[in-house]
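Treat the numbers as computed from the prediction; the structure is a model and nothing was measured.
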Amino acid sequence: MTTLFITGIDTDIGKTYATGILARHLLSCGKSVITQKLIQTGVATPIADDIRTHRTLMNVPLMDVDTDGTTCPLTFVKPASPHLSARLENRTINLDDITHATARLNARFDIVLLEGAGGVLVPMTDDVLTLDYIATQSYPVLVVTSARLGSINHTLLTLEAIQTRGLTLWGVVFNHHFDTDPDISTDTQDYLQSHVAHHYPSAIFMELVGDEITGFDDVADKF
């Protein structure tokens, strides 16, 4: 049983696509894999939008664990940080609901790809940041980054936060969707790839182009 936490340097950075495409690849390798959403805000239906996108990318229909809420036990209407979205609905976020859901998925699937909400320091509750919760579970982490201006700074801060909590950086995905300036995108990718290779030699560096990820050669062997 393995749970991999997938996060990003910011919101709308491509975490959902990276999660779904990685799941599709692992399925093609014969792995038993499911995706889960930590928390989803900005959704009015019980089934998280990101879970629907995962299944589309995986080329599979919604499953019973989707329709019964296991793959995303906490959804909120307001598109905001989870702690605020919950407060506006007069609801309390019970982190055990997420832990128990992941455990149920782990009992059925060999690999759970757990997608976060926003960046690593987004508050889940007034007292617990996303990375605080992930640290209690000791999940390895995959970070999605890009060539948006400021990405080098945001990526290095994210990697340091992960390292500070004693977590393993499993890999980095560089999302080319934001390649608007060739000079910046090329330099950003080169810099981050070199930084990861030097400081996190066991981590995989991958590239997301459209609905494909390159650098998958030995990914399945890491599970």
Interatomic distance, [X] atom [atom1] to [Y] atom [atom2] [nearest 0.5 angstrom]:
{"X": "T45", "Y": "I51", "atom1": "OG1", "atom2": "CD1", "value": "11.0 Å"}
{"X": "I34", "Y": "T70", "atom1": "CD1", "atom2": "OG1", "value": "9.5 Å"}
{"X": "T158", "Y": "N153", "atom1": "OG1", "atom2": "CG", "value": "9.0 Å"}
{"X": "L157", "Y": "I162", "atom1": "CG", "atom2": "CD1", "value": "11.0 Å"}
{"X": "F109", "Y": "Q36", "atom1": "CZ", "atom2": "CD", "value": "11.0 Å"}

[X] side chain to [Y] backbone, donor-acceptor under 3.5 Å:
{"X": "S194", "Y": "Y191", "result": "no"}
{"X": "R148", "Y": "F178", "result": "no"}
{"X": "N175", "Y": "I13", "result": "yes"}
{"X": "T41", "Y": "P82", "result": "no"}
{"X": "Y139", "Y": "Y133", "result": "no"}
{"X": "S28", "Y": "H25", "result": "yes"}

Please give me the minimum heavy-atom distance between [X] and [Y], naming the atom from each residue.
{"X": "L192", "Y": "I152", "value": "CD2-CA, 4.2 Å"}
{"X": "A203", "Y": "V196", "value": "CB-CG1, 4.0 Å"}
{"X": "T130", "Y": "F5", "value": "CG2-CZ, 3.7 Å"}
{"X": "A117", "Y": "K37", "value": "CA-NZ, 4.1 Å"}
{"X": "P123", "Y": "S81", "value": "O-OG, 3.2 Å"}
{"X": "M124", "Y": "I39", "value": "CE-CD1, 3.8 Å"}

Can you name the residues that form a side chain to side chain donor-acceptor pair (under 3.5 Å) with T53, not counting sequence neighbours?
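For T53, no residue satisfies side chain to side chain donor-acceptor pair (under 3.5 Å) once neighbours in sequence are set aside.
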
All ring pair (Phe, Tyr, Trp, His ring centres under 6.0 Å) counterparts of H177, not counting sequence neighbours:
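Here no residue qualifies.
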
Between [Y] and [X], is there a salt bridge with N-O shorter than 4.0 Å?
{"X": "K15", "Y": "D50", "result": "no"}
{"X": "D66", "Y": "R52", "result": "no"}
{"X": "R104", "Y": "D68", "result": "no"}

Hey, quick one: are L105 and V60 part of the same hydrophobic cluster, counting side-chain heavy atoms closer than 4.5 Å, chains of contacts allowed?
yes

Identify whether V122 and L131 are in the same connected component of the hydrophobic contact network (ILVMFWY, side-chain heavy atoms under 4.5 Å).
no

Any donor-acceptor N or O pair under 3.5 Å, side chains [X], [Y]:
{"X": "S32", "Y": "R108", "result": "no"}
{"X": "T145", "Y": "T155", "result": "yes"}
{"X": "E115", "Y": "T35", "result": "no"}

Neighbour count >12 (heavy atoms, 6.0 Å) for atom [atom1], [X]:
{"X": "Y17", "atom1": "OH", "value": "no"}
{"X": "D12", "atom1": "CG", "value": "no"}
{"X": "L149", "atom1": "CG", "value": "no"}

Please work out whether the ring planes of H199 and H195 are parallel, tilted or perpendicular, with thresholds of 30° and 60°.
tilted

